[in-house]
Amino acid sequence: FAYDDPITKSRRLWRYEKGRKPYWKASPEVATVIEGHFVDPRDGAKEAELESRLNREFEDPVHRFIEQLGYRTFVFSMPHVRQMTAYVSLLFHRSKARRSATQQQVDISVESYRALLANEDQLRQIAGKWTLDVIGNGHYLNRVVSLQEVKAAIEKAIRDQLAADQLQHSYSGTMERAMSRFDDQMLNGCWGVLSAKPDEPFVIGDAPVVTWERTERNFLIYGQGFSKPNVEAFLPISPTACLHILPAVQRTRRVLNPTTQEVNMAQASYASDYCYTNIRSEVLDAVLQPHFGRTVIGVNAFSIRHRDYRKTMFDLLMNGGRWVDPPLVR
């Protein structure tokens, strides 16, 4: 997305921002760098470990071929798709916008723990299960785990969630877990590349992986999960090329060819601060300005409140912390 600037004799980006004129000399090296983004305040080595894994396992393999995606002669092979699936998934999680959404996860955890504290029947079931687990693990126990011990453990978990460093600690854990998961629906979906004219380019925002669902009336609903029916995902890879991914989900509508303007509006809507491209354009700026920051992950996009996490929290405490997908709220 960078251009060769004759004044600085280096590569630069045109930066677009809400309420400001386009800025001409943003540095590609630091444009999207956020100091301490992956820091885990409870593990001093975690940031370097995550950065190393991201570069080695996800970014470097894709960087070997990503520039070729814009050529019409490029053909996706299964290894390409597999590497891009992991890359797109991680790129979605590593944005400032996604990190901010961690607050909703923490809020839901605290709400779920407090709901569990108020349910004495479930607390008794947990106490009984923990008693059996202690004995089953070969430890001598001449009494049952008490209701008070279960409550104390849950109250400690609530205090941990409310700790000042919990948000950053939780986000670091989210990134680590994301590296171990694979999106099969994205992998098995339909991958294509959209083209744009050089003088009407794609922009890339600081939250570059965006999704939408197009309604029958041609209205775009942003922030749909990657497994939702009719969802489409996008990642601009150059001013003239943008990945268009149709995950393998139920589709009840014909997929229309997205326009460059639609992609750019989505990029601005998801952006926390900026969008970038290689040219200055007053027309492009006018397109972006009304949309900056309108889509907030965890608030009006990618919300997880449609699931019942109170049931999941009970299941976690009943089965030794093994994750169970929460049911939909009815």
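The figures here come from the full heavy-atom set of this structure, side chains too, leaving out hydrogens, waters and symmetry mates.
Looking at every heavy atom in both residues, Ala196 comes nearest to Thr260 through CB-OG1, 3.5 Å. In plain terms, the two heavy atoms of Cys242 and Pro236 that are nearest each other are SG-N, 3.6 Å. A pairwise comparison of heavy atoms in Arg53 and Phe58 identifies O-CD1, 3.6 Å as the closest pair.
Between the side chain of Ser180 and the backbone N or O of Arg177, at least one donor-acceptor pair lies under 3.5 Å. Without hydrogens or angle criteria, Trp130 side chain to Leu317 main chain gives a donor-acceptor distance under 3.5 Å. The backbone N or O of Gln166 sits nowhere less than 3.5 Å from a side-chain atom of Ser170 that would complete a donor-acceptor pair. Between the side chain of Asp285 and the backbone N or O of Ser281, no donor-acceptor pair lies under 3.5 Å. Listed for the Thr102 side chain is a donor-acceptor partner under 3.5 Å among the backbone atoms of Arg99. Under the 3.5 Å distance criterion, the side-chain polar atoms of Ser269 are matched with a main-chain donor or acceptor of Thr295. Between the side chain of Gln168 and the backbone N or O of His37 there is at least one donor-acceptor pair closer than 3.5 Å. At least one donor-acceptor pair under 3.5 Å links the side chain of Glu149 to the backbone N or O of Ser146. Checking side-chain atoms of Ser100 against main-chain N and O of Lys96 turns up a donor-acceptor pair under 3.5 Å.
Remark: Glu176 pairs with Lys46 by the side-chain hydrogen bond (donor to acceptor under 3.5 Å, both in side chains) rule, at least two apart or across chains.
With salt bridges taken as basic N to acidic carboxylate O contacts below 4.0 Å, none links Glu155 and Lys151. Residues Asp5 and Lys9 are not paired through a salt bridge, judged by the lack of any N-O separation under 4.0 Å between the basic side chain and the carboxylate. A salt bridge links Lys129 to Asp133: one of the charged nitrogens lies within less than 4.0 Å of a carboxylate oxygen. A salt bridge does not link Arg214 to Glu216: none of the charged side-chain nitrogens sits closer than 4.0 Å to a carboxylate oxygen.
Using a 4.5 Å heavy-atom cutoff, the side chains of Leu194 and Leu243 are not in contact. Residues Asn278 and Pro201 form a side-chain contact, since some pair of their non-hydrogen atoms from C-beta on lies under 4.5 Å apart. Inter-residue side-chain proximity for Asp273 and Glu17 is flagged as unmet; no heavy-atom pair is nearer than 4.5 Å. Between His93 and Thr174, some side-chain heavy-atom pair lies under the 4.5 Å cut-off. Counting heavy atoms from C-beta outward, Gln267 and Pro208 have side chains that approach closer than 4.5 Å. Using a 4.5 Å cut-off on side-chain heavy atoms (C-beta onward), Arg251 and Pro229 make no contact. Side chains of Glu282 and Lys21 form a contact here, defined as non-hydrogen atoms less than 4.5 Å apart. Using a 4.5 Å cut-off on side-chain heavy atoms (C-beta onward), Thr211 and Tyr222 make no contact.
Membership of the apolar cluster around Val299 extends to Val296, as traced through chained side-chain contacts below 4.5 Å between ILVMFWY residues. Other members of the hydrophobic cluster containing Val203, listed by chain and number, are Tyr3, Ile7, Trp14, Tyr16, Trp24, Leu284, Leu288, Phe292; membership follows side-chain contacts under 4.5 Å among ILVMFWY residues, whether direct or relayed. Other residues sharing a hydrophobic cluster with Val249 under the 4.5 Å side-chain heavy-atom criterion for ILVMFWY residues are Val231. Cluster partners of Ile204 are Phe1, Leu13, Tyr274, Tyr276, counting Ile, Leu, Val, Met, Phe, Trp and Tyr whose side-chain heavy atoms approach within less than 4.5 Å, directly or via other members.
Sequence neighbours left out, the pairs with a member in residues 67-78 that pass side chain to side chain donor-acceptor pair (under 3.5 Å) are Ser77-His80.
Linking Ile, Leu, Val, Met, Phe, Trp and Tyr whenever their side-chain heavy atoms come within less than 4.5 Å puts Trp191 and Val209 in one cluster.
Annotation: Arg280, atom CZ; neighbour count of heavy atoms from other residues, nucleotides and ligands within 6.0 Å is above 12.
For the pair Arg94 and Tyr171, the NZ or CZ position fails the cation-pi test of under 6.0 Å to the six-membered ring centre and within 45 degrees of the ring normal.
Ring planes of Phe234 and Trp212: tilted class, angle from 30 to 60°.
Between atom CG of residue Leu69 and atom CZ of residue Phe76 there is a gap of 5.0 Å, rounded to the nearest 0.5 Å.
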